[in-house]
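All ligand and atom numbering here is 1-based and tracks the order in the structure.
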Amino acid sequence: MQVKNILREKGREVVTIMSEATLSEAAQLLSHRRIGAVIVRDGNGELAGILSERDIVRAISRESVQALARAVSQYMTREVATCRESDSVDDLMELMTRKRFRHVPVVENERLVGIISIGDVVKTRIEETVREAATLREYIAAG
Ligand code: AMP
């Protein structure tokens, strides 16, 4: 199974926010869209970083509610690990486990074409396992 198979099913929409938006705006966006991370773009629309709910929790624990009025750019992760559509879901799972994050943007020809969350990976793996079990049951029943 490859990343492109997941994107085909879930779609290619990527929710983004500008780096000068406030942390409060980012929290509202995550809540309204029911997502755990948002891609941050700079003034030129280029990928500037990623901000997840963990970054917001960390900011509030360190700086209290004052952090909510400050810019997303102060709290985002700038070094973003990305993947390609041809990458395998197994490799993506390994990357998420090793680096301890739950979101990976998909980039092709320097363009953002989707985002995969750990929820998407788990869903795909469960579907695969259920399919394999059904095939095995049919095989045994036929024998
Ligand atoms: P998450 O588990 O995705 O909520 O993110 C945990 C931490 O890793 C946060 O500080 C995020 O900003 C950061 N993070 C999330 N996804 C990525 C990624 N693809 N590349 C680099 N850092 C990330």
Side-chain angles (χ1 to χ4, degrees), residues 1-140:
M1 186 70 86
Q2 290 175 310
V3 165
K4 62 162 94 71
N5 301 108
I6 298 185
L7 289 184
R8 202 171 292 145
E9 228 182 86
K10 74 165 275 196
R12 292 169 177 274
E13 190 195 8
V14 183
V15 179
T16 67
I17 195 164
M18 297 296 285
S19 56
E20 61 265 35
T22 63
L23 216 54
S24 171
E25 287 168 329
Q28 282 171 37
L29 185 61
L30 294 180
S31 168
H32 288 152
R33 302 301 300 259
R34 298 171 183 270
I35 54 175
V38 63
I39 297 297
V40 186
R41 292 191 187 274
D42 64 19
N44 301 320
E46 302 285 334
L47 178 81
I50 187 165
L51 183 91
S52 96
E53 50 202 1
R54 289 229 173 125
D55 299 314
I56 299 176
V57 169
R58 192 182 305 127
I60 293 170
S61 85
R62 285 181 184 165
E63 303 173 17
S64 187
V65 288
Q66 280 85 337
L68 291 171
R70 295 178 185 144
V72 161
S73 56
Q74 294 184 36
Y75 306 100
M76 67 188 185
T77 302
R78 289 171 192 273
E79 289 272 306
V80 184
T82 62
C83 68
R84 306 192 56 182
E85 290 192 71
S86 57
D87 288 344
S88 77
V89 175
D90 284 351
D91 285 348
L92 199 59
M93 202 157 59
E94 197 269 326
L95 177 74
M96 286 176 166
T97 308
R98 186 162 40 85
K99 302 273 193 151
R100 295 172 183 270
F101 46 59
R102 298 166 293 178
H103 302 88
V104 180
V106 189
V107 173
E108 286 295 334
N109 302 317
E110 297 179 20
R111 279 192 51 244
L112 207 53
V113 297
I115 186 162
I116 307 288
S117 76
I118 196 134
D120 300 323
V121 170
V122 169
K123 181 171 174 279
T124 304
R125 288 310 300 257
I126 290 172
E127 284 166 1
E128 258 179 351
T129 307
V130 167
R131 254 200 317 274
E132 275 167 22
T135 309
L136 273 176
R137 268 199 301 274
E138 276 168 28
Y139 178 74
I140 292 164

Exercise for review: Please determine if Glu46 and Arg41 form a salt bridge, counting it only when a charged side-chain N lies under 4.0 Å from a carboxylate O.
Suggested key: no

Check your understanding: So with a 6.0 Å cut-off around CD of Gln66, is the heavy-atom count from everything else above 12?
Key -> yes

Point to revise | Heavy atoms of other groups near Arg70 CZ, more than 12 under 6.0 Å | key: yes

Taking side chain to side chain contact (heavy atoms under 4.5 Å, CB included) as the test, write out the residues that go with [X], two or more places apart.
{"X": "Arg137", "result": "Ala133, Ala134"}
{"X": "Asn109", "result": "none"}
{"X": "Asp90", "result": "Ser88, Met93, Arg125"}

Review point. Ligand 1: which residues have a non-hydrogen atom closer than 4.0 Å?
Key: Ile50, Ser52, Arg54, Asp55, Arg58, Thr77, Glu79, Val80, Ala81, Phe101, Arg102, His103, Val104, Pro105

